[in-house]
Amino acid sequence: MKNIIKSYIPLIITTIIVFGLIASVHVIKDSNLRSVQARAAQTEKFNKKQINYYRQKDQKLSKQYFYNQITKRDYDVVARKKSFNERISKAFTITFEQTKNKNDYNQLASKLTPLVGSKFSKELKSKVKPTMQPDGVERTPFAHLDNLKIAYGHLNESTQIIPVVIFASYSSPAIDGTSTGVITKGQDQIKKSSGIYKISYDLIADKIVNFSFKEGAIDHE
C-alpha cells in the first residue's frame, strides 16, 4: 500500500504545480486585462478632452461666436473710439501746446493721467522736459502741435484689445539765434520733430494697456 501511495506522489506534485501555473496565468491575464482597460479609459478621457477643446476653438472662429461676443458688449465701440480720440487729442494739445515752462511741466502729470493713464502720461511728459534754450531762457522744447493722426487696427474679439497708431508732429517757438547758440537778430529758428506711438487699447477697461514710441526726423527751419 505504501509503495502504491509513493508511486502517486510525483503525479500529485505535478498536478499541484500544473494547477498553480494555470492559476498564475489567469492572475497575469486578469492583471494585464485591467491594465489594458485602464489605459483605454485614460485614452478615451484624453480624446474627449481634445474633441471638446477643438470643438470650442471651432466655435470661437464661427460667425455666430463673433455675433454673440458683439451682442454681449455693454458698450458702444464707435462711441468709445470717439471718446478715446478726444482724450488723446486733448492730452497731446496740453503736452505740446499748453506746456510752456517749468510750472506747467510740474502740473502736467495731474492733467494727463485722467486722460491717458499714468504710464502714457509719463511718456508724453518726457518729451517736453524744460531745458535751457539757445536764447538763454529755460522752457519746454515745443510750442505747437502741428499734426495729429489716429488710426485703428483690427479688434481682437477674444480680448477686446485694439491696436492704435498715433502720428504726431510738433515744433518749437521761433527763436532768435543760430545752431551755435549765439543769438542773432533776424535769424529765427524753428525746431520740428515727430513721433509714432503704437498703443494697445483695451475697449472693455477703456484704457491703454501697452505702448511703444519711435521718434521721427528732427528738422530745423
Side-chain angles (χ1 to χ4, degrees), residues 75-153 161-221:
Y75 61 88
D76 186 323
V77 175
V78 175
R80 190 143 291 186
K81 283 182 179 180
K82 182 180 178 182
S83 173
F84 185 65
N85 286 352
E86 290 172 352
R87 298 204 310 272
I88 288 292
S89 179
K90 188 173 181 180
F92 274 76
T93 299
I94 291 173
T95 302
F96 295 102
E97 287 196 354
Q98 298 176 9
T99 305
K100 306 292 186 181
N101 49 50
K102 194 170 184 178
N103 184 54
D104 294 338
Y105 177 80
N106 291 337
Q107 298 177 31
L108 196 54
S110 62
K111 293 179 181 179
L112 296 180
T113 300
L115 298 172
V116 293
S118 60
K119 291 183 178 180
F120 195 63
S121 67
K122 287 180 182 178
E123 176 69 23
L124 292 179
K125 187 178 178 181
S126 68
K127 304 291 183 289
V128 292
K129 185 177 181 179
T131 56
M132 190 64 67
Q133 300 301 314
D135 58 358
V137 179
E138 184 181 27
R139 61 170 172 267
T140 55
F142 302 107
H144 303 286
L145 179 64
D146 301 325
N147 196 5
L148 182 68
K149 293 181 179 179
I150 305 171
Y152 290 86
I161 292 177
I162 190 168
V164 185
V165 178
I166 301 171
F167 172 79
S169 61
Y170 16 81
S171 58
S172 70
I175 300 172
D176 288 335
T178 67
S179 58
T180 60
V182 178
I183 298 174
T184 306
K185 294 285 185 180
Q187 293 186 6
D188 293 348
Q189 279 193 344
I190 297 177
K191 176 185 174 183
K192 289 183 175 289
S193 186
S194 62
I196 296 174
Y197 302 78
K198 294 183 179 180
I199 292 173
S200 295
Y201 172 52
D202 188 330
L203 282 165
I204 296 175
D206 190 22
K207 68 177 184 179
I208 296 170
V209 293
N210 197 13
F211 63 86
S212 64
F213 170 75
K214 183 178 181 180
E215 188 171 18
I218 298 176
D219 298 321
H220 292 84
E221 289 184 355

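- Contacts classified as salt bridge (charged side-chain N to carboxylate O under 4.0 Å, His left out) and involving residues 82-105 (residues at least two apart or in different chains) are given here: Arg87-Asp206.
- Nearest heavy-atom pair across Pro141 and Ser172 is O-CB, 3.0 Å.
- Considering only heavy atoms from C-beta on, Tyr197 stays 4.5 Å or farther from Ile88 through its side chain.
- Separating the CG atom in Leu203 from the CD1 atom in Ile161 is a distance of 9.0 Å, to the nearest 0.5 Å.
- Residues passing the ring-ring contact (aromatic ring centres under 6.0 Å, His included) test with Phe211 are Phe120, sequence neighbours excluded.
- From Arg80, atom CZ reaches atom CD1 of Ile204 across 9.0 Å, with rounding to the nearest 0.5 Å.
- Between Leu108 atom CG and Gln98 atom CD the span is 10.0 Å, to the nearest 0.5 Å.
- Rounding to the nearest 0.5 Å places CZ of Arg139 at 9.0 Å from OG1 of Thr131.
- In this structure, the side chain of Ser121 engages the main chain of Ser118 through a donor-acceptor pair within 3.5 Å.
- Contact record, Phe213 with Gly195: CE1-CA, 3.6 Å, taken as the closest heavy-atom pair.
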side-chain contact (heavy atoms from CB on, under 4.5 Å) between Phe92 and Ile166, worked out: CA-CA 10 Å; Phe92 274 76; Ile166 301 171; 4.0 Å; yes
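- Taking both residues in full, the closest heavy atoms of Ala91 and Leu112 are given as O-CD2, 3.5 Å, listed atom of the first, atom of the second, then distance.
- Looking at Ser126, its side chain does come within 3.5 Å of a backbone N or O of Glu123 through a donor-acceptor pair.
- Here the closest heavy-atom approach between residue Thr99 and residue Thr140 is recorded as O-OG1, 2.6 Å.
- Of the possible donor and acceptor atoms, none in the side chain of Thr95 sits under 3.5 Å from a partner among the backbone N and O of Leu124.
- No side-chain donor-acceptor contact under 3.5 Å links Ser89 to the backbone of Asn85.
- For the pair Lys127 and Tyr170, the cation does not sit on the ring face, since its NZ or CZ is not both under 6.0 Å from the ring centre and inside 45° of the axis.
- One finds the OG atom of Ser194 at 7.5 Å from the CD atom of Glu215 (value rounded to the nearest 0.5 Å).
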Pair Ser169-Asp146, side-chain hydrogen bond (donor to acceptor under 3.5 Å, both in side chains): steps then yes or no: CA-CA 5 Å; Ser169 61; Asp146 301 325; 4.7 Å; no
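- Taking NZ of Lys125 as the reference point, atom CD1 of Ile94 lies at 13.5 Å (rounded to 0.5 Å).
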